Structures are given as structure tokens and as C-alpha cells.
Novice: 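Have a look at this one before I ask anything.
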Amino acid sequence: MANIFGIDIGRYSIKLVSLKTTLRGIEYSGAKEFVIPPNTDIGSAENLEGLKAFFDIEGLSSSDVIVGIPSDMVSVHTITVPFTDDKFISQAIASELEEVSPFSLEETIMDYNILHKDQAGTLAITFSVNTGSMKQWLDILIHIGLDPNIIDIAHSSYSNLSAYIKLNEPFVVIDIGHRHTSLTFIDSNGLLMTRDLRIDAPMINLTAGTDTLNGPAQSSLVDEIKLAVNMVERKFDTNITAAVFAGRFADKGPLFEKQLGLQTFTLPINDIARAVIDEHISIESNYTVAFALALRNVLKKPHNLINLRRGSFRFQRVIEQIKGRLITTLGIAGMILIMFVVNMTYGYISLKQRNNTLDRKIYQLFKDAFPNEPSLGDPLGTMRFLVSKEKKKSENLSGSIPVIEILREISAGVPKDVKVDVTELSIDPEQITVRGKTPTIDGIDKMVTGIKNFDIIKDVKVIDTRKAADQKSFEFQLSIALK
């Protein structure tokens, strides 16, 4: 038996939906909401005590906790990379994201969903958040008693409901909130694109319960939605013909039908909940995102698997450091060789004395260039070896193609009968860290044995192995040292 909590953290309120998996199936445990007082921040002192009481739930710390980060904290981009092998896609996406992300990649936490693969490569949608903003947000959650194992994007979770929304065409889910309006574009494969619009329900007077829409804010919202729809249609060569209104103001959707020129529907959250849980339950529309988040750990094949807690992709710029050190080292080596040639041209005069003087200079230059390296009785030979070693590292790390070649060699070392799902890959000048899953514990040993056979590999260590959450596979972490 497992408890699953889907938590939708918005600017207006925090919604929680609790599910429970049993031997008989799925049970609905309930839902509740904490309304954040107007003009206050979620992390203010006046809210923290109330939130601690709100999350004072027995068994919460040992349960599956899926939290949706507000979409207005997230930068969304679609990226194409020339790979279809999962082992290389993440590294390539990180490099491509550098060109479009508003954050430096050293300060970015990112995850992605693959939208499409073909012979030309892979199309993916990326979600990135500034590390500092994420840390502040996560510190507040931990302070009030939440330590989520999954951090999803709140409104992209609507794609987990797509199998139960009976529309054939690609459509857009529109959620008009108290602080912003989110758009989630969904097709037959699930999540396609998300957009966040800075127009909220109070601006268009939805909170007053009116049945008519007038004013510039309404016109602006309609124009922004049309612009986003046109952009998605052009980018993905598709045709959006329907809008599904969801969330707290889902019932206001029909008011927009004429202005949008799209068929409008209201998301049938109770019908979906009953279809999934197979019992009569009633969930208010404002809990739709929280329910969709919780549903992620119930569905056999959820369409959205974003988890910003899984890890960050950091583009380490080691090449500039290596180039600088290489230039210095080669300059010193060149100086030594020039001095050696000059010395030989002077003939045999005081040969021993000159050689002794040269040896002292070589030793001093060696100590200046490599103060922490022993000369091993031959400073010139040792210096040449170190220069060659630095040059080899530079060649291996001087661009995307050599790194990819290293990854391909490692991939080739994995036996063909071993199925490996790589979930994280981190590369630095002397070491590669690999995290992933394999169906059997023997598969990890076979993979280590295969990788060790390559000349570029110095050592392979198994840092961690554990049973995966699905209880059907094993998670592992390898540390691969390069020569």
C-alpha cells in the first residue's frame, strides 16, 4: 500500500489531492486547500505556521510527494538535436539550451520530454529553472514540512489526463488562474507545448461571477491565446480546433468560444477521476492540477515525466582552463628546447659546467611550471610527459565531437544482452559519472566488465546500486576514470 500526494502550489492557494494504491486498485483519500491571504507571500511568517499545520499529515514524509512548480517560474523551449540514442541526447540538449535559455547553464536546473524521434534526430521540450530561485522555493517547502521526491511543472501535468479527454484533434487546455493564465497544448502523444500568459481572472472580472466578458483585458487574453495557437500550428504543422477550459474557472470557457473561433469544452474532472479510480467520487475543478500530479504515479504510461528534482545539466566550461594551461606549458617546453639548441652550438667549451647549469635551469623551470609534481630524476622527460598528457586531455575535451566519441566507445562496451536506461551523465576532464537503470543486478557487473576493456578507461567503480522504485529494476551509479 502506498500513499500518493499531488500538490499544486499556486500564487493564490495550495491544493492537495491524496490517492492510495492498494491490492484492489486505487482509492481516493481526499482533497483540501490552503488559501494564501491577499498581498502576502507563501513564505511570509504569517503563512508558515498555517502551512505547517496544513501539511501535518501522518505518513507524509514516507509517501510519494509530487509537487507542481508554478509555470511562471519556468522557461520553456523546444530543441532539436542530431541524436536518437538516449545516452547522448541529454548532453546535446544541454549544449543547445545554452543558446536560448535566459539563465546561464551553470545556474540552471533542467529536464525535458522527448516529443519526436526520426532519422534526422530528436525534438524535445525543455523546462529550465534558475538554481537560486529553485533553492529559495525548495527551502520554503522543506521548512513547512515538504520534501518532494518529484518536482513537476504544474500545468504540464494536464497531459497525464489526455487519454481521458475524448478529443481526436490536437487541442489546448486553458487554465485561467488568479495570477496568470496557462496554456497546455496536447496531441495524441501527450504534451506538445506550454505557454504562460500574464493575464489573470480578476483582470477579466471572472471572480465576480459575471456571465459576460467585456473590456481590454479580455481582448488581450483572447489575442494572446490566438497568437500562441498560431505559433504552435506553424511550429508543429498541425491544426488546433478545440480549447478545453480547466481549473477553478473552467465553467467560464463557453464565454470565449465566439471570440477564439475554437470549439470550447469544460474538462470533465469528475468523469476522469471516476474512470481512473472506478468509484463514485467528486472533485472540485480547482483541484484538477493536484489530481493530475498525483495521477502521474498511478498511470502505467504517464505522458509527462518531468522531474526537476532528478538532477541538473551543467555545461562545464573546462576547455578555457585547459587551453590556458596548455599554452603556458608548451611555452615553457619551447623555451627549454631553445636553450638546449643554443647550448649545443657553443661546442665543447666547458661542456660539463654548461650542462650542469642547464640542468639547474631545467629543474627550476620545472618546479616553477609544476610545483606539485615530482621530477622523478628527469625533469625534462617528466615535463614532456605532462605536456603530452595535457594535450591529450585537451583533444578529448576540445569540442562536442571528441566527447561524443568517448561516449560512443563507452556505449559500445555495454554487452548487447544488457538493457541499460541511462538517466544522468556527467563529464569532467578526468571522470565520467553515469546513473541509470538495468533490469538485473548481473547487468551492472557485465556493463562494468565491458567498459573496462577500452584503452581510454583507467578504472570503473560502482558507487551505488539499489532497487528502483518500480521494484522491477536496479538503479546504479558508476564512476569512470579516464587515463
Side-chain angles (χ1 to χ4, degrees), residues 8 10-13 38 68 70-78 102 125 127 153-159 161-162 165-188 190-269 272 284-289 292:
D8 174 19
R11 306 294 187 181
Y12 171 81
S13 68
S71 57
D72 57 351
M73 289 179 59
V74 182
S75 178
V76 183
H77 299 279
T78 53
I125 180 172
F127 298 89
I153 311 303
H155 294 95
S156 66
S157 62
Y158 276 129
S159 61
L161 306 178
S162 59
I165 302 174
K166 305 302 181 182
L167 293 176
N168 295 324
E169 304 87 1
F171 56 90
V172 56
V173 178
I174 303 174
D175 188 340
I176 303 174
H178 277 274
R179 297 294 177 88
H180 55 88
T181 295
S182 67
L183 310 180
T184 306
F185 292 89
I186 296 172
D187 67 3
S188 58
L191 180 66
L192 193 64
M193 176 63 70
T194 67
R195 278 290 179 268
D196 192 70
L197 309 179
R198 305 289 180 172
I199 299 176
D200 53 41
M203 291 172 64
I204 54 179
N205 199 29
L206 289 184
T207 54
T210 180
D211 291 331
T212 59
L213 297 173
N214 296 295
Q218 176 202 345
S219 298
S220 296
L221 178 57
V222 170
D223 291 342
E224 291 289 338
I225 294 173
K226 286 182 175 180
L227 187 64
V229 168
N230 290 335
M231 182 274 294
V232 170
E233 289 180 332
R234 292 195 306 272
K235 186 174 186 63
F236 296 99
D237 190 23
T238 188
N239 186 27
I240 307 296
T241 61
V244 179
F245 281 78
R248 190 182 300 270
F249 302 104
D251 60 322
K252 302 297 182 182
L255 301 178
F256 288 86
E257 185 168 70
K258 184 177 179 180
Q259 293 93 329
L260 289 176
L262 300 172
Q263 277 190 291
T264 60
F265 302 89
T266 298
L267 188 70
I269 182 60
I272 293 174
E284 295 180 13
S285 60
N286 54 309
Y287 292 107
T288 304
V289 169

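Because the structure is predicted, anything quoted here is derived from the model rather than measured.
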Novice: Can you tell me how far OG1 of Thr241 sits from CD of Gln263, rounded to the nearest 0.5 angstrom?
Specialist: 6.5 Å
Novice: Between Thr194 and Ser156, which heavy-atom pair has the shortest distance, and what is it?
Specialist: CG2-CB, 4.2 Å
Novice: Side chains of Asp196 and Val76, heavy atoms from C-beta outward: is any pair under 4.5 Å?
Specialist: no
Novice: I would like to know whether Leu161 and Val173 meet side-chain contact (heavy atoms from CB on, under 4.5 Å); could you show each step before the answer?
Specialist: CA-CA 11 Å; Leu161 306 178; Val173 178; over 6 Å; no
Novice: Sequence neighbours left out, what passes side-chain contact (heavy atoms from CB on, under 4.5 Å) with Pro102? Give chain and number order.
Specialist: Ser75, His77
Novice: So which atom in Ile186 and which in Ser159 form the shortest heavy-atom distance, rounded to 0.1 Å?
Specialist: CD1-CA, 3.7 Å
Novice: Work out which heavy atom in Ala250 is nearest to a heavy atom in Thr266; give both atom names and the distance.
Specialist: O-OG1, 3.5 Å
Novice: Side chains of Ile272 and Ile165: does their closest heavy-atom pair fall under 4.5 Å?
Specialist: yes
Novice: Are a donor atom and an acceptor atom from the side chains of Tyr12 and Asp200 found within less than 3.5 Å of each other?
Specialist: no
Novice: What's the separation between atom CG in Leu267 and atom CG in Asp175, rounded to the nearest 0.5 Å?
Specialist: 9.5 Å
Novice: What heavy-atom pair brings Gly247 and Tyr158 nearest, and what distance separates the two atoms?
Specialist: N-OH, 3.7 Å
Novice: What's the shortest heavy-atom distance between Ser162 and Gly190, and which atoms?
Specialist: OG-CA, 4.3 Å
Novice: Starting from the C-alpha separation in whole Å, work towards a yes-or-no answer on side-chain contact (heavy atoms from CB on, under 4.5 Å) for His178 and Arg248.
Specialist: CA-CA 9 Å; His178 277 274; Arg248 190 182 300 270; 3.7 Å; yes
Novice: How long is the straight-line distance from CG of Asn239 back to CZ of Phe171, given to the nearest 0.5 Å?
Specialist: 14.0 Å
Novice: Could you give the distance from NZ (Lys258) to OG1 (Thr264), rounded to the nearest 0.5 Å?
Specialist: 13.5 Å
Novice: Output a table of donor-acceptor pairs, distance under 3.5 Å, between side-chain atoms of residues 226-236 and any protein atom two or more places apart or on a different chain; print 'none' if there are none.
Specialist:
unit_1, atom_1, unit_2, atom_2, d
Lys226, NZ, Gln259, O, 3.0
Asn230, ND2, Lys226, O, 3.3
Glu233, OE2, Ile240, N, 2.8
Lys235, NZ, Thr78, OG1, 2.9

Novice: Considering non-hydrogen atoms only, spot the tightest contact between Pro170 and Thr238 and give its length.
Specialist: CG-OG1, 3.2 Å
Novice: For Phe256 and Phe245, take the angle between the two ring planes, folded into 0 to 90°, and tell me which bin it lands in: parallel under 30, tilted 30 to 60, perpendicular over 60.
Specialist: parallel
Novice: Quick check for you: to the nearest 0.5 Å, what is the distance between Leu167 atom CG and Asp187 atom CG?
Specialist: 12.5 Å
Novice: Does the pair Phe127 and Met73 meet the rule for a side-chain contact (heavy atoms from CB on, under 4.5 Å), with working shown?
Specialist: CA-CA 10 Å; Phe127 298 89; Met73 289 179 59; over 6 Å; no
Novice: How long is the gap from CZ on Arg195 to CD1 on Ile174, to the nearest 0.5 Å?
Specialist: 14.5 Å
Novice: Is a side-chain N or O of Thr181 found less than 3.5 angstrom from the main chain of Ile199, in a donor-acceptor match?
Specialist: yes
